[in-house]
Protein chains: 2
Amino acid sequence: MFAAELHASTPLRPGATAPLAVAQPVMQFSEGKSLYEEGDDAACFYRLVSGVVRTCRFSQDGRRHIDAFYMPGDVFGFELTREHGFTAEAVTDCVVIPCRRRGAEELAAQNGTAQDGAAARQLYGYAMQQLARAQAHAQLLGRYGAAQRLAGFLLELSAGKNPPIVELPMSRQDIADYLGLTIETVSRALAQLQKDGVIKLLAARLVEVKNRAALAEICG
Amino acid sequence: MFAAELHASTPLRPGATAPLAVAQPVMQFSEGKSLYEEGDDAACFYRLVSGVVRTCRFSQDGRRHIDAFYMPGDVFGFELTREHGFTAEAVTDCVVIPCRRRGAEELAAQNGTAQDGAAARQLYGYAMQQLARAQAHAQLLGRYGAAQRLAGFLLELSAGKNPPIVELPMSRQDIADYLGLTIETVSRALAQLQKDGVIKLLAARLVEVKNRAALAEICG
DNA sequence: CGAATGGTTGATTGTGATCAATTCCCGTGG
DNA sequence: CCACGGGAATTGATCACAATCAACCATTCG
């Protein structure tokens, strides 16, 4: 569901060299600011150093859809086309390393010349991870109820956490737009999970997972 | 939403050489047969020559989720891991070209040696197309109502068709499992679109798009 | 202390799921 | 050619879950 756990164990510190393409000086964005907008020229992709980023898009009727949340270590914003398909915004203050694309990788499908294969292979791995995440997201939205979606969401966020206490960096509206629900339903589902003893809401944005197995059971 | 239109203009005939990795002799599958199952060793990926294929997965409670439909020319079944993440089944009788993976491409993220870049770049393009499709699918399931989902589905199927008559190769159950609905809702939504004069159901599996603009309008 | 923002809780509505018959279509066999 | 059978699709009635509309509460910030 998330790309979060991938590479999360080895976040780069500011100033470290990115492992592919041309790394640029780090950039900082404060909460709520957009890193790029849907339709912007996709000159760079990014590696997240610290903070949390969301990618989103709006339907014609104005409803927001959040495609993904990115955690430190994640790479995002690479595209096949010339333009970004989503807007990327800082959920919290964050630091990223922009990587200028060489212009060859994204044209891979068209011309089959044999240069610059390493970067393409690197990007292929990232793309496949994103693909698996997006596919799981689609299944969650298509086949699961509100409680199950929340359970799945919390499972991902709490992955590898010990003690199992999750800080939610995003608002209820963000969670709702990611899970295809409303803020009221998110709130009620969380309250229900707490009543069932599966989680405990230490604060609005601080969740203790009391029973991980039950969470996995609910999710399916 | 679909990968259908990509390459659809140049389907390979049986016996033609696949443009990447090691092509194998063509294989045929009859309607309902599975090409591979979730969890099977992903030794091959496939290029669809003729017919239609669906990829699907089941939730714990037995509900089926269809990830994608593939049309002639599409490439599917490539994985980052050693196993297939979905089951692939023949929606109609079909012919595919299996392509044995060299074992290097899928390990791209781990080792960064510079061999075999062309195949990786080729696969990167396919992966990115799939990613865009899966992201659009997630948005459709998360933010759109039944009529809108059907409209989007029909728009994709009718892309580039002239005259705008679409044959639906899959059952109502397949459509429902792809759109996160029930067969009854699919049926009612189609009936409603017909009553609105947007489409005409020439037969259960034959749809004439009367008003493409209205379809796009509904979808958003 | 008061306003503003974000979150929760309650009442009601609406959309799609579920349960239940038919009807349509198509292949098969008389 | 027509009668029959069986699966697929449609249509109808009711139900359930999440959306919506509306207050209310908590926390932060000026």
Side-chain angles (χ1 to χ4, degrees), chain A residues 30-32 54 59 61-65 91-92 140-154 166-196 199-207 218 220, chain B residues 30-32 54 59 61-66 91-93 140-154 166-196 199-207 218 220:
Chain A
S30 49
E31 183 180 328
R54 66 175 173 251
S59 1
D61 65 349
R63 297 156 71 91
R64 186 178 66 158
H65 167 77
V91 173
T92 65
L140 193 77
L141 296 177
R143 287 284 146 201
Y144 293 92
Q148 295 177 301
R149 295 185 201 186
L150 254 299
F153 182 69
L154 291 174
V166 185
E167 204 213 325
L168 304 175
M170 69 293 285
S171 70
R172 293 291 188 271
Q173 190 64 61
D174 283 341
I175 298 173
D177 290 345
Y178 178 70
L179 296 178
L181 302 168
T182 59
I183 51 174
E184 293 95 331
T185 299
V186 169
S187 189
R188 279 186 253 268
L190 286 172
Q192 186 61 45
L193 287 174
Q194 176 164 236
K195 197 145 71 75
D196 297 344
I199 62 169
K200 186 162 204 291
L201 287 161
L202 305 175
R205 297 197 181 188
L206 198 63
V207 179
I218 291 166
Chain B
S30 49
E31 183 180 327
R54 64 174 174 251
S59 3
D61 65 348
R63 298 157 71 91
R64 185 178 66 158
H65 168 76
I66 292 183
V91 173
T92 65
D93 292 351
L140 194 77
L141 296 177
R143 287 283 147 204
Y144 292 93
Q148 294 176 302
R149 296 185 201 186
L150 254 299
F153 181 70
L154 291 173
V166 185
E167 204 212 326
L168 304 175
M170 69 293 285
S171 70
R172 293 290 189 270
Q173 189 64 62
D174 283 341
I175 298 173
D177 290 345
Y178 178 70
L179 297 178
L181 301 168
T182 59
I183 51 173
E184 293 95 332
T185 299
V186 169
S187 190
R188 279 186 255 267
L190 285 172
Q192 186 61 45
L193 287 174
Q194 177 165 236
K195 196 145 72 74
D196 296 344
I199 62 169
K200 186 162 204 294
L201 287 161
L202 305 174
R205 297 197 181 189
L206 197 62
V207 179
I218 291 167

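Note that the structure is predicted; figures quoted are calculated from it, not measured. Throughout, a chain's letter reflects where its sequence line sits, starting with A, and its residues are numbered from 1. Values below: all heavy atoms of this structure, side chains included; hydrogens, waters and symmetry mates excluded.
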Legend entry - Any A/V207 side-chain heavy atom under 4.5 Å of A/L201 side chain: yes
Inset, instruction - State, yes or no, whether a side-chain contact exists between A/L154 and A/L168 at a heavy-atom distance under 4.5 Å. - result: yes
Legend entry - DNA chain C contacts made by residues 186-194 of chain A, counting heavy atoms under 4.0 Å: A/S187, A/R188, A/A191
Inset, instruction - Round to the nearest Å and state the distance from A/R143 atom CZ to D/dC17 atom C1'. - result: 16 Å
Legend entry - Side chain to side chain, A/L150 and A/L181, heavy atoms closer than 4.5 Å: yes
Legend entry - Nearest-0.5 Å distance that lies between atom OG1 in A/T182 and atom CD1 in A/I175: 12.0 Å
Legend entry - Test side-chain contact (heavy atoms from CB on, under 4.5 Å) applied to A/A147 - qualifying residues, sequence neighbours left out: none
Legend entry - Partners meeting side-chain hydrogen bond (donor to acceptor under 3.5 Å, both in side chains) with A/D196 (sequence neighbours left out): A/Q192
Inset, instruction - Report yes if some heavy atom in the side chain of A/Q148 is under 4.5 Å from a heavy atom in the side chain of A/L179; otherwise report no. - result: no
Inset, instruction - Look up atom NZ in A/K195 and atom CG in A/L190, then write down how far apart they are to the nearest 0.5 Å. - result: 14.0 Å
Inset, instruction - Give a yes or no on whether the backbone of A/H65 and the side-chain of A/D177 come within a donor-acceptor separation of less than 3.5 Å. - result: no
Inset, instruction - For B/R63 and A/R143, work out which heavy atoms get closest and say how close. - result: NE-O, 3.5 Å
Interface polar pairs with nucleotides 14-16 of chain C, N/O, under 3.5 angstrom:
from: C/dG16; atom 1: OP1; to: B/A146; atom 2: N; distance (Å): 2.7

Inset, instruction - Quickly work out the B/E31 CD to C/dG27 C1' distance and round it to whole Å. - result: 14 Å
Legend entry - A/D61 CG to B/Y144 OH distance, which is reported to the nearest 0.5 Å: 6.5 Å
Table of protein N/O atoms under 3.5 Å from nucleotides 22-24 of chain C N/O atoms:
none

Inset, instruction - State, to 0.1 Å, how close A/I183 and A/A176 come at their nearest heavy-atom pair, and which atoms those are. - result: N-CB, 3.7 Å
Can you pull every protein N or O that's under 3.5 Å from an N or O on nucleotides 28-30 of chain D?
none

Legend entry - Distance in Å, B/M170 CE paired with B/Y178 OH, rounded so as to fall on 0.5 Å steps: 9.0 Å
Inset, instruction - Could you please name the option among D/dA9, C/dG10, C/dC19 that lies closest to any side-chain atom of A/E184? - result: C/dG10
Legend entry - Gap between atoms CG and C1', on B/L206 and D/dA9 respectively (whole Å): 15 Å
Inset, instruction - Rounded off to whole Å, could you give me the CD1-to-P distance for the A/I183 and D/dA19 pair? - result: 11 Å
Inset, instruction - Examine C/dC25: is either OP1 or OP2 under 4.0 Å from a nitrogen or oxygen in the side chain of B/R205? Give yes or no. - result: no
Inset, instruction - Taking B/R172 for its side chain and B/E184 for its backbone only, find out whether a donor-acceptor pair lies under 3.5 Å. - result: no
Inset, instruction - Please state how far atom CG in A/L201 lies from atom P in D/dA26, giving the value in whole angstrom units. - result: 15 Å
Legend entry - Atom-to-atom span, NZ of A/K195 to P of C/dT8 - whole angstrom: 15 Å
Inset, instruction - Round to a whole Å and report the spacing from CZ of B/R172 to C1' of D/dA9. - result: 7 Å
Legend entry - Touch class at under 4.0 angstrom, heavy-atom based, for A/Q173 against every strand present: nothing
